[in-house]
Structures are given as C-alpha cells and as structure tokens.
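This report concerns only the one structure given below.
Residues take their numbers from the sequence shown, with the count starting at 1.
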Amino acid sequence: MKNSGITKIPIIIVALLLISCEQQQPHSDSTVLARVGNEFLTLDYARSQIPPFLLEADSVAAIQGFQERWIRTNVLHQEAVRNGVHTLPDVKDRIRRTEKDILSEALRDMVILNTDNSGTVTNSDVQEYYEVNREQFVLQERYLRLRHLVTEELEDSRSAKNELMRGVEWETVVERYAENKSETLRRAQQFFPVSSFFQDNPPMRDYLRVMGITEISPIRGHEGQFHFIQIVEDRPAGDHPDIDWMFDQIKEWLEVERRRRAVAMFEQNLLIQAEANNEIEVFDVIPYEIN
C-alpha cells in the first residue's frame, strides 16, 4: 500500500484498530457466539457491552445485532492489519492521539470514582442552593395540577362527574370509572405546563382558558372516549416553583458540579507538579510563523 493514499484512509479505521485485539478465548462457563480468526465473542462479553435498556426491550435482537457488528468489525480489523494499515504514519499518529484521549478520560473517571463519599450531595445542600438561588427559578408559563378522567362509556363519565360534585373522594371515583386508574391518579398529583395539555383535543384545551379552580368541565367525546377535567391548582407564569418540582434536577446538577470541581482540582495539581518537575516548557507564539 502506497503512502500517497494515507490522507484518503477513512477515519473509521482508527476505531477499527482500537477495537480490543485480545484473544477472547472461550471459558467453560461462557457461551461462544462467534469466532473471527483467533478472536472469540462470548455471550458474557456481549452482554457487558450492550446497554441494559436494549437487553430489556429485546435481548435476542440486541445480542444478534451486537454479534453481527462484532463479526464485521473484526473482519475489517483483521484485513487492515493484514494490509499493514496500522503501520502507516498518519494512522499511527491518529491512533496515538485517540489513545491519549481515551487514557485521559479514563483517568478522569478514576478520579471521580475515588472522590471522597463525604462529598455526596445531601437534601440540605439542595435546600440551601434553592433558597440562595430562588430568583433564578421562575415559571415561563402557566402550570396546572389537573384531574382528567377518561371513560369508554358516556354514562360512566356522567356518573363519575355527578359523584365528584356530590363530594365523593377523587380516588374512589377513579377506582370506579377511570380507564387507566394508576396513570390518572399519578398525573393528578403533579403540575404540568398548560401547553402540554390536550394538544390533540382542542375542545378540552379551550376549557382550560375559562375554567376556575375546582370547577368541573362539561363532558366531551373524543376518539371514542369521554373526557372531563377539574383544575385543582394553578401556578401563573412568573411564579416560583416549589422545591419538590426542582429537587431532582438541582441534586443532579450539584453532583455533576462537584465531580467537575474534583477533576479540575486534580488536573490543576498535576499541572503544578509537572511545572515543578520542569516537565512543561512553553514557548512564545510568533505571529509571522502562524501566518
């Protein structure tokens, strides 16, 4: 292979050359799914590489898909090595650069894993952050907590509405008449932006503009089902959300920020140590050499 073709080598070759080339010799307790040359693909290895949600959705299809990709990648890798692609200067340089990126990222991951658990974000941390930065949390649109009951029969909707108006507990009415009981109860406990309601049911959406708190809407049929709603709580645009709305998001952000700070401190200490050991030398940038 001539060096004149180096710049035309697809970038995918770098990925192929970085695929683990260690022989996956089959173990007695590990089912072999495929072999390419001296490389073996085992069921245990495939499972370890496939995202859990894909395995849960369809484990057979997920493993078969991984099996096909593994065979294709290893056949290409085998051919690339056979043709000496890994010895080309441009490819070797790209492999070195990619290796540096992988090792640097792996080191950052190790720093995060070894960070003192005492740095775990607590509920008090979340509460304090929310109180200090409360003015930053503002609703951009109106939010509602809404009871929305759907039935298959008009008579069931009428009975459900009448019982609510007589003071029967919402949970009891849902249990007796609602189509999707658990989802109906769950959604009635949460606030949602008004724009998220009834995007495919304009008549019901129109009721939201004119209804008052606790008022129950008329019953409307839509796509073979019958609907009515009751607004339980209303939060206008510009209002501040309760902390329980934001709790999980704030906690996740604080955890990410603490990990980022731990890595940044580690990197800074490495730079200081490297400078102290005269391992870093910086030269002036000369404009005419750049231009």
Side-chain angles (χ1 to χ4, degrees), residues 11-12 14-22 24 42-59 62-63 65-66 69-70 73 93-141 143 186 189-193 196 235 239-282 285:
I11 190 67
I12 190 64
V14 177
L16 296 177
L17 294 174
L18 288 172
I19 295 293
S20 175
C21 295
E22 296 179 0
Q24 298 274 342
T42 65
L43 179 59
D44 288 344
Y45 179 77
R47 282 175 172 162
S48 71
Q49 299 301 304
I50 299 172
F53 74 91
L54 290 179
L55 288 172
E56 293 173 3
D58 189 338
S59 60
I63 291 172
F66 185 86
R69 292 190 297 274
W70 184 91
T73 296
D93 183 57
R94 288 150 68 187
I95 291 174
R96 282 194 296 270
R97 293 200 307 268
T98 305
E99 180 184 29
K100 289 178 182 178
D101 290 339
I102 292 173
L103 290 175
S104 297
E105 192 60 32
L107 182 60
R108 292 188 183 100
D109 290 341
M110 290 177 62
V111 171
I112 292 172
L113 287 174
N114 292 326
T115 299
D116 187 358
N117 289 331
S118 64
T120 301
V121 176
T122 65
N123 291 353
S124 297
D125 294 329
V126 176
Q127 179 73 41
E128 180 181 355
Y129 183 86
Y130 176 81
E131 294 298 336
V132 171
N133 300 278
R134 190 170 184 273
E135 293 305 315
Q136 298 181 19
F137 300 103
V138 178
L139 299 181
Q140 299 302 309
E141 62 175 307
Y143 272 66
R186 184 188 68 81
Q189 296 300 315
Q190 298 176 314
F191 279 89
F192 294 96
S196 69
R235 300 292 292 272
D239 200 359
H240 298 282
D242 296 332
I243 187 173
D244 56 331
W245 296 18
M246 309 297 302
F247 188 90
D248 290 341
Q249 294 95 318
I250 294 174
K251 185 173 184 179
E252 181 179 356
W253 184 87
L254 289 176
E255 288 172 345
V256 169
E257 181 63 14
R258 288 196 175 183
R259 291 194 294 268
R260 186 194 67 77
R261 289 178 181 175
V263 171
M265 184 177 297
F266 175 79
E267 292 178 356
Q268 185 62 30
N269 288 337
L270 279 183
L271 288 171
I272 293 173
Q273 182 178 339
E275 289 176 348
N277 295 336
N278 293 319
E279 296 172 352
I280 298 176
E281 191 171 2
V282 180
V285 177

**Asked** Taking 4.0 angstrom as the limit, do E257 and R260 come out as a salt bridge?
**Response** yes
**Message:** If I take atom CG from residue L254 and atom OH from residue Y130, how far apart are they, to the nearest 0.5 angstrom?
**Reply:** 14.0 Å
**Item:** Stepwise side chain to side chain contact (heavy atoms under 4.5 Å, CB included) test for L139 and W245
**Value:** CA-CA 11 Å; L139 299 181; W245 296 18; 3.6 Å; yes
**Message:** Quick check: closest heavy atoms across A62 and L54, and the distance to 0.1 Å?
**Reply:** CB-O, 3.8 Å
**Request:** Find the distance between CG (D244) and CZ (F191) and round it off to the nearest 0.5 Å.
**Result:** 9.0 Å
**Asked** Counting distance only, does the side-chain N/O of D125 pair as donor-acceptor with the main-chain N or O of T122 below 3.5 Å?
**Response** yes
**Message:** If you compare all heavy atoms of N123 against all heavy atoms of K251, which two are closest, and at what distance to 0.1 Å?
**Reply:** OD1-NZ, 4.5 Å
**Request:** Check the pair E255 / R259 against side chain to side chain contact (heavy atoms under 4.5 Å, CB included), numbers first and verdict last.
**Result:** CA-CA 6 Å; E255 288 172 345; R259 291 194 294 268; 3.8 Å; yes
**Message:** Between E281 and E279 (side chain of the first, backbone of the second, donor and acceptor by atom type, cut-off under 3.5 Å), is there such a pair?
**Reply:** no
**Asked** When you check the gap from the basic side-chain N to the acidic O, do D242 and R235 get nearer than 4.0 Å?
**Response** yes
**Fill in**
For I243 and V126, the nearest pair of non-hydrogen atoms, with its separation, is CD1-O, 4.2 Å
**Atom pair CG/CD of L271 and E275 - distance to nearest 0.5 Å** = 6.5 Å
**Request:** Please determine if R97 and D101 form a salt bridge, counting it only when a charged side-chain N lies under 4.0 Å from a carboxylate O.
**Result:** no
**Asked** If you look at every heavy atom in I280 and A274, which pair is closest and at what distance?
**Response** CD1-CB, 3.7 Å
**Prompt:** Between atom CZ of F266 and atom CD1 of I112, what is the distance when rounded to the nearest 0.5 Å?
**Reply:** 11.0 Å
**Request:** Locate the shortest heavy-atom distance separating R108 from E267; write the atom from each residue and the value.
**Result:** NE-OE2, 2.7 Å
**Request:** Using atom types as modelled and distance alone, determine if a side-chain donor or acceptor of H240 lies under 3.5 Å from a backbone N or O of F137.
**Result:** yes
**Request:** Measure across Q136 and Y129 and return the closest heavy-atom pair with its distance rounded to 0.1 Å.
**Result:** OE1-OH, 4.5 Å
**Item:** Heavy atoms from other residues, nucleotides or ligands near CD of Q49 exceed 12 (cutoff 6.0 Å)
**Value:** yes
**Request:** Decide whether a cation-pi geometry holds between R258 and W253; the criteria are a distance under 6.0 Å from NZ or CZ to the six-membered ring centre and an angle within 45° of the ring axis.
**Result:** no
**Request:** Without swapping roles, check the side chain of N114 against the backbone of M110 for a donor-acceptor pair under 3.5 Å.
**Result:** yes
**Prompt:** So N133 and I250, side chain to side chain contact (heavy atoms under 4.5 Å, CB included) or not? Walk me through it.
**Reply:** CA-CA 11 Å; N133 300 278; I250 294 174; over 6 Å; no
**Request:** Report the C-alpha separation of L103 and E99 in whole Å, then their side-chain angles, then the decisive distance to 0.1 Å, and conclude whether the side chain to side chain contact (heavy atoms under 4.5 Å, CB included) test is met.
**Result:** CA-CA 6 Å; L103 290 175; E99 180 184 29; 3.9 Å; yes
**Request:** Would you confirm whether the ring centroid of F192 sits within less than 6.0 angstrom of the ring centroid of Y143?
**Result:** no
**Item:** Point-to-point distance, once rounded to the nearest 0.5 Å, from OH of Y45 to CD1 of I50
**Value:** 10.5 Å
**Request:** State plainly whether the residues D93 and R96 are in salt-bridge range, i.e. N to O under 4.0 Å.
**Result:** yes
**Request:** Kindly check if the number of other-residue, nucleotide or ligand heavy atoms within 6.0 Å of CD (Q190) is above 12?
**Result:** yes
**Straight-line distance of W70 CH2 to I63 CD1, nearest 0.5 Å** = 14.5 Å
